[in-house]
Amino acid sequence: QVQLVESGGGSAQAGGSLRLSCAVSGYSNQHACVGWFRQAPGKEREGVARTYIDSGSTYYADSVKGRFTISRDNAKNMVYLLMSSLKQEDTAMYYCAARLWSTCRNYDSSSDYNYWGQGTQVTVSS
């Protein structure tokens, strides 16, 4: 059974940094896309970044490009999201999600992903 567990959320000041971690278990094939999504109160869930586990190709939402970096450690079955130059509008619940037997290129919607973690809260203050 595929499971994803996020960690690393918390509070930060605007301009600061946080690193989120996603532990993936129950799936060892590297033909998969793992993404980070976020959802603020009253807003729809939106894609932030995603990576193809095999090659490490990455894709970012325009709102985080140049500030967030997604990476993976295949030996540890981990995916990370380093968030820098944080803004108050980055405040949200962040979720890790996986789409198995797939690349990432065309899959930026939450409906494209089958497996989800429980989420970790990120709060950015001024």
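Reckoned from all heavy atoms, side chains included, excluding hydrogens, waters and symmetry mates. Index from 1, following the sequence.
Partner of Asp90 under the side chain to side chain contact (heavy atoms under 4.5 Å, CB included) criterion, chosen from Leu18, Val124, Val48: Val124.
If you take CH2 on Trp101 and OH on Tyr27, they are separated by 4.5 Å, rounding to the nearest 0.5 Å. Interatomic distance, Thr69 OG1 to Arg67 CZ, rounded to the nearest 0.5 Å: 11.0 Å. Taking CG of Asn114 as the reference point, atom SG of Cys33 lies at 11.0 Å (rounded to 0.5 Å).
Put simply, the side chain of Thr91 never gets that close to the backbone of Thr123: no donor and acceptor are under 3.5 Å apart. Glu6 contributes no side-chain N or O that, together with a main-chain N or O of Thr120, makes up a donor-acceptor pair within less than 3.5 Å. With hydrogens and angles disregarded, no donor-acceptor distance shorter than 3.5 Å links the side chain of Gln88 to the backbone of Ser125.
Taken together through direct or relayed side-chain contacts under 4.5 Å among Ile, Leu, Val, Met, Phe, Trp and Tyr, Phe68 and Tyr59 form parts of separate hydrophobic clusters. Residues Val34 and Trp36 share a single hydrophobic cluster, defined by chaining ILVMFWY side chains whose heavy atoms lie under 4.5 Å apart. Using a 4.5 Å cut-off between side-chain heavy atoms of Ile, Leu, Val, Met, Phe, Trp and Tyr, with links allowed through other members, Ile70 and Tyr115 fall into different hydrophobic clusters. Under the 4.5 Å side-chain heavy-atom criterion for Ile, Leu, Val, Met, Phe, Trp and Tyr, Val24 and Leu100 are members of the same hydrophobic cluster. Note on Val79: it does not cluster hydrophobically with Tyr107, by side-chain heavy-atom contacts below 4.5 Å among ILVMFWY residues.
Gln121 CD: more than 12 foreign heavy atoms inside a 6.0 Å radius.
Taking every heavy atom of both residues into account, Leu4 and Val2 meet most closely at CD1-CG1, 4.1 Å. Nearest heavy-atom pair across Met78 and Ser21 is CE-CB, 3.7 Å. When all heavy atoms of Ile53 and Arg72 are compared, the pair lying nearest together is O-NE, 3.0 Å. Minimum interatomic distance between Ser85 and Ser17 (heavy atoms only, all atoms of both residues): N-OG, 4.4 Å. Nearest heavy atom pair, residue Ala61 against residue Gly47, reads CB-O, 3.4 Å.
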Would Met83 and Tyr94 satisfy side chain to side chain contact (heavy atoms under 4.5 Å, CB included), going step by step from the backbone distance to the final call? CA-CA 11 Å; Met83 305 183 294; Tyr94 283 72; 3.8 Å; yes
Side chain to side chain contact (heavy atoms under 4.5 Å, CB included) assessment of Tyr95 paired with Cys22: CA-CA 9 Å; Tyr95 299 90; Cys22 175; over 6 Å; no
Would you please test Asn77 and Ser25 for side chain to side chain contact (heavy atoms under 4.5 Å, CB included) and show each step? CA-CA 7 Å; Asn77 293 326; Ser25 61; over 6 Å; no
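Aromatic pair Trp116/Phe37: ring centres closer than 6.0 Å.
The side-chain heavy atoms of Tyr80 and Leu20, taken from C-beta on, include no pair separated by under 4.5 Å.
Within the structure, the side-chain hydrogen bond (donor to acceptor under 3.5 Å, both in side chains) test picks out the following pairs touching residues 42-54 (sequence neighbours left out): His31-Tyr52, Arg38-Glu46, Gln39-Arg45.
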